[in-house]
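To keep things clear, I will list the structure first and then write my remarks on it.
Source: prediction; values computed, not measured.
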Amino acid sequence: QQEGAVRHTRVANGKGATFGSALDVRIKDDVEFALTVTNNAKRAMELRFPDGRTHDFAVLDQQGRVVWQWSEGRMFTSAMQTRLMKSGNSVRYHSRWAPPTKRGNYVAVATLRSTNHPVSTQVPFTLP
């Protein structure tokens, strides 16, 4: 952990879930997000995605409104894609948000946009 950084983590490994997830939120000068998805199955699993946007991050305010979304304004390929994950392997996605204000309570939402194994994890955090 970086000196002076505040860190919030949520691990969502539902019992018997094929894929587990962890969302790490670090607050320093900006807010860093890291979504880790792990194949908990005893065999390799294929993830299918409808397009080039494999994941997304969003920040919601106290009323549940989206105040920032990583994918907003980005271009993605329209081609479907697949990713094979071996048993026990993980994939990690990162992003940063420079909040316009430094005050308030928020919820970070990270989503793996797989059509056959979707994953979503939320972590509440506070900007002092």
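Summarising the geometry of Thr36 relative to Ser90, their closest heavy-atom pair is CG2-CB, 3.9 Å, with the distance given to 0.1 Å. Of all non-hydrogen atoms in Asp56 and Ser71, the two that sit nearest each other are OD2-OG, 2.6 Å. Listed here is the closest heavy atom pair of Gly20 and Asn40: N-ND2, 3.2 Å. Here the shortest heavy-atom pairing between Ala108 and Leu23 reads O-CD2, 3.7 Å. Closest approach of Thr18 to Met45, counting heavy atoms only: CG2-CE, 3.5 Å.
In this view, His117 and Phe19 satisfy the ring pair (Phe, Tyr, Trp, His ring centres under 6.0 Å) rule, not counting sequence neighbours.
For the pair Phe125 and Val31, the minimum side-chain heavy-atom distance is below 4.5 Å. For the pair Ser95 and Trp68, the minimum side-chain heavy-atom distance is below 4.5 Å. At a threshold of 4.5 Å between non-hydrogen side-chain atoms, the residues Val37 and Leu112 count as touching. Considering only heavy atoms from C-beta on, Trp97 comes within 4.5 Å of Val59 through its side chain. For the pair Thr54/Arg83, no side-chain contact is recorded, criterion being any heavy-atom separation below 4.5 Å from C-beta on. Within the 4.5 Å cutoff, side-chain heavy atoms of His94 are placed close to those of Arg92.
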Check your understanding: Are Arg48 and Glu46 close enough, and set up right, to give a side-chain contact (heavy atoms from CB on, under 4.5 Å), and what steps lead you there?
Key -> CA-CA 6 Å; Arg48 290 186 213 112; Glu46 182 181 80; 3.3 Å; yes

Review point. Passes side-chain contact (heavy atoms from CB on, under 4.5 Å), Phe33 versus Asp24? Steps please.
Key: CA-CA 6 Å; Phe33 306 100; Asp24 187 35; over 6 Å; no

Practice item. Apply ring pair (Phe, Tyr, Trp, His ring centres under 6.0 Å) to Tyr93 and Trp70, showing your working. Key: CA-CA 11 Å; Tyr93 301 100; Trp70 171 79; 8.6 Å; no

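Between the side chain of Ser87 and the main chain of Ala41, a donor-acceptor pair closer than 3.5 Å is present. The backbone N or O of Met85 sits less than 3.5 Å from a side-chain atom of Asn39, completing a donor-acceptor pair.
Hydrophobic clustering, with ILVMFWY side chains joined whenever heavy atoms are under 4.5 angstrom apart, groups Val67 together with Leu127.
By the 4.5 Å side-chain criterion applied to Ile, Leu, Val, Met, Phe, Trp and Tyr, Leu60 is assigned to a cluster that also includes Val66, Val107, Val109.
Interatomic distance, CZ of Arg53 versus CD of Gln81, reported as 12.0 Å (0.5 Å rounding).
Under the side-chain hydrogen bond (donor to acceptor under 3.5 Å, both in side chains) criterion, the residue pairs touching residues 103-114 are Asp51-Arg113, Asn105-Thr126, Ser114-Asn116, with sequence neighbours excluded.
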